[in-house]
Amino acid sequence: MSLPKIMTVYGTRPEAIKVAPVIAELQRDSRFESVAVSTGQHREMLDQVNQMFGITPKYDLGLMKPGQTLNEIVSRALTGLDEIIEREHPDVIISQGDTSTAMTAALAGFHRGVKIVHLEAGLRTGNIFSPFPEEANRRVIGQVTSLHLAPTSGSLENLRRENFRSKDIVVTGNTVIDSLLKATTWDIQFEDERLAAMADTDQRLVLVTTHRRENLDDMTEIGSAIQELAEKYPNTIFALPLHLNPLVRNAVLPKVDQLNNVIITNPLPYDQFTKLMNRASVVVTDSGGVQEEAPALGKPVLVMRENTERPEAVAAGTVKLVGTDRQRIVSETSLLLDVPAAYDAMANAVNPYGDGRAAHRSVAAIADLTGVGERVPDFAPLVEGEHKQEFAVGQPVERSRSDLVSP
Ligand code: UD1
Ligand code: UDP
């Protein structure tokens with residue numbers, strides 16, 4: 001009898017970081033045949049991660065084209081994936097998260113009668129336009145999914161509220177923490193000379209990342225906020241590993257590229273980035289993955305968004321939503337840099353997103369789905385009524401650390 005064939009589809013940097021532990025686990029497991037497929041929605045930023053985790057996809061659609069529209073990405077991915085599905089006949093397709101690649105992989109598989117497993121299922125802001133188009137992508141993927149791998153009990157509750165069957169949902173933790181825990185064991189040096197020089201000093205470091213599509217109109221405002229902060233705190237280093245999207249770079253760079261205490265780099269390889277995150281005092285970001293990682297490292301995170309689908313670290317007090325208003329970014333960052341009590345209140349190492357065994361739980365659930373094994377216990381005890389609200393900028397949040405920190 002042939003082994004169940006599991007096709008993992010990914011295409012962007014964060015997907016690669018989050019599927020890497022699952023692909024590794026599947027490849028080690030003799031009960032499965034594993035095929036990794038990249039759409040190549042990202043190029044340099046994806047290749048960095050593939051290289052780091054030693055993943056060589058069997059297929060790469062090479063979709064990355066500067067400035068292409070969402071519909072171009074989706075239509076090219078749909079056609080390309082359809083041909084691969086026809087050739088490979090997978091039993092299961094794993095789609096991770098909420099990108100164009102993830103939504104298209106789920107749809108392409110569904111059209112071909114393949115069972116869809118959604119890794120990182122059930123994240124919701126409740127606002128279909130925010131993040132755009134990711135919230136819509138998640139909901140579409142959910143509709144065609146056979147097995148929802150929810151990272152937290154909060155995401156499980158979101159799915160239950162949408163009437164998905166409890167028996168189709170498993171709480172796994174987020175595989176981003178599997179990768180992060182691995183990365184923290186790597187002994188590496190910064191390749192960038194300015195980062196290497198900074199690492200050995202006791203200079204304060206603020207790490208900034210930005211790329212969200214719905215923030216593109218506000219990128220100049222974000223750049224101005226960094227400029228103002230860098231001028232206000234000349235002894236603090238501001239590090240910006242900039243996304244390769246020209247719309248991000250063109251708006252942010254002119255504001256900051258002449259400032260001595262701003263270190264601008266290209267996207268950093270994952271090992272360098274996690275080291276930088278660990279070295280930072282404060283993280284300012286609109287990234288999803290960074291919102292999950294930085295709290296695990298005990299870093300206060302200011303999120304330049306109006307809402308989040310990751311409320312757990314907000315509830316734990318380590319993440320605060322500040323939006324994209326220049327003055328608000330400056331005042332909230334200044335508070336953390338100036339007031340030790342404010343800093344200490346946020347600098348809590350919390351790990352609501354995982355314990356490093358999310359890939360193991362995910363593969364066990366896939367074994368159950370395909371009839372070759374059994375599930376293992378869920379990531380965290382489920383507490384009814386936890387994390388139900390949408391967390392928005394300025395909205396007070398309940399602080400309930402004790403029941404959020406993983407056991
Ligand atoms: C995509 C995802 C977003 C995710 C982000 C992670 C969608 C709709 N969006 O957004 O959910 O948070 O990836 O970073 O799927 N580029 C390069 N080289 C690269 C990657 C990007 O040059 O390796 C440039 C290209 O000009 C490209 C642009 O960045 O057109 C935007 O890339 P795209 O994948 O369309 O969107 P992201 O903003 O990266
Ligand atoms: N990351 C990286 N290099 C960088 C910036 C981020 O390796 O220069 C990693 C980061 O650790 C996290 C992921 O990329 O795991 C987040 O990707 P991104 O912010 O692009 O996407 P999102 O998580 O918002 O979808």
Side-chain angles (χ1 to χ4, degrees), residues 10-21 38-53 62-74 76-77 95-105 120 123 130-138 141 174-180 182-184 190 192 195 207-216 219 239-250 263-278 280 283 285-294 296-297 299 303-305 308-310 353:
Y10 65 106
T12 65
R13 166 172 70 190
E15 288 166 274
I17 291 165
K18 289 172 175 179
V19 298
S38 164
T39 62
Q41 179 179 332
H42 283 174
R43 191 66 283 158
E44 303 89 334
M45 288 163 58
L46 180 69
D47 295 342
Q48 283 180 337
V49 186
N50 276 337
Q51 208 177 354
M52 185 140 304
F53 286 96
L63 288 190
M64 214 289 288
K65 266 202 323 199
Q68 61 187 333
T69 64
L70 293 175
N71 284 334
E72 278 178 283
I73 300 172
V74 169
R76 292 170 68 219
S95 152
Q96 197 287 329
D98 52 22
T99 65
S100 294
T101 287
M103 190 273 284
T104 310
E120 199 182 72
L123 275 65
S130 178
F132 176 87
E134 290 84 358
E135 175 83 357
N137 285 344
R138 295 171 193 143
I141 298 167
N174 198 311
T175 52
V176 78
I177 303 297
D178 298 25
S179 291
L180 181 69
K182 192 169 176 188
T184 54
F190 288 118
D192 183 288
L195 294 180
L207 171 62
V208 185
T209 82
T210 179
H211 74 280
R212 289 248 82 78
R213 201 169 277 263
E214 71 274 12
N215 279 351
L216 289 177
M219 281 297 160
L240 268 104
L242 265 189
H243 194 286
L244 291 179
N245 189 341
L247 296 174
V248 176
R249 303 179 84 81
N250 294 344
I263 301 179
I264 299 156
T265 69
N266 276 333
L268 291 170
Y270 180 63
D271 56 355
Q272 309 265 320
F273 184 78
T274 50
K275 186 177 164 82
L276 193 62
M277 205 163 29
N278 214 3
V283 177
T285 189
D286 61 13
S287 161
V290 175
Q291 272 180 74
E292 294 156 344
E293 295 162 335
L297 301 173
K299 307 300 172 180
V303 174
M304 297 182 288
R305 287 180 49 186
T308 184
E309 59 292 279
R310 295 168 168 91
Y353 299 112

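Any value given below was found using the heavy atoms of this structure, including those in side chains, with hydrogens, waters and symmetry copies removed. Just so you know, ligand 1 is whichever comes first in the structure, and atom 1 is the first atom listed for that ligand.
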Spatial distance of atom NE2 (His42) from atom CD (Gln48) [nearest 0.5 Å]: 11.0 Å
Closest approach of any protein heavy atom to atom 21 (O) of ligand 2, naming residue and atom: Pro14 CG, 3.3 Å
Point-to-point distance, once rounded to the nearest 0.5 Å, from CG of Asn50 to OH of Tyr270: 14.0 Å
Whether Arg213 side chain and Pro133 backbone form a donor-acceptor pair below 3.5 Å: no
Ligand 2 to Leu268 polar contact by distance, N or O atoms, under 3.5 Å: yes
N or O pair under 3.5 Å between Pro267 and ligand 2: no
Student check: side-chain heavy atoms of Asp192 and Ile263 closer than 4.5 Å: yes
Residue Gly289 vicinity, atoms of ligand 2 by number, heavy atom under 4.0 Å: 22 (P), 23 (O)
Which of the ligand 2 atoms, numbered from 1, are nearer than 4.0 Å to a heavy atom of Gly288: 22 (P), 23 (O), 24 (O)
Validation row: Pro241, Leu207 side chains within 4.5 angstrom (heavy atoms): yes
Gln41-Ser100 side chain donor-acceptor pair, cut-off 3.5 Å: no
Neighbouring residues of ligand 1, heavy-atom cut-off under 4.0 Å: Thr12, Pro14, Gln41, His42, Arg43, Glu44, Met45, Met64, Lys65, Pro66, Gly67, Leu70, Ile73, Thr99, Ser100, Pro133, Glu134, His211, Arg212, Arg213, His243, Leu244, Asn245, Pro246
Spacing of His211 atom NE2 and Leu247 atom CG [to the nearest 0.5 Å]: 13.0 Å
Nearest-0.5 Å distance, CD1 of residue Ile17 to CZ of residue Phe273: 8.5 Å
Nearest protein heavy atom with distance in Å, relative to atom 14 (O) of ligand 2: Arg13 NE, 3.3 Å
Backbone N/O of Leu63 and side chain of Arg76: donor-acceptor pair under 3.5 Å: yes
Thr274 N/O to ligand 2 N/O under 3.5 Å: no
Identity and distance of the protein heavy atom lying nearest atom 13 (C) of ligand 2: Ile17 CD1, 3.7 Å
Residue and atom name of the nearest protein heavy atom (relative to atom 1 (N) of ligand 2), distance in Å to one decimal: Phe273 CD2, 3.6 Å
Side-chain heavy atoms of Phe132 within contact of Asn215, under 4.5 Å: no
Gap between atom CG of Asn137 and atom OG of Ser95 - 0.5 Å precision: 9.0 Å
Student check: side-chain heavy atoms of Asp98 and Glu135 closer than 4.5 Å: no
Atoms in ligand 2 with a heavy atom of Pro241 nearer than 4.0 Å: 8 (O)
Ligand 2 contacted by Arg212 (non-hydrogen, < 4.0 Å): yes
Polar atom proximity, Glu293 to ligand 2 (N or O, under 3.5 Å): yes
Thr209 touching ligand 2 at heavy-atom level, < 4.0 angstrom: no
Ligand 2 N/O within reach of His243 N/O, cut-off under 3.5 Å: no
Rounded distance [0.5 Å steps], CD in Glu72 versus NZ in Lys65: 5.0 Å
Close-contact set for ligand 2 against Ser287 heavy atoms, below 4.0 Å: 16 (C), 18 (P), 19 (O), 22 (P), 23 (O), 24 (O)
Residues Ser287 and Thr209: side-chain donor-acceptor under 3.5 angstrom: no
Proximal ligand 2 atoms for Tyr270, defined as those under 4.0 Å from one of its heavy atoms: 7 (O), 11 (O), 15 (O)
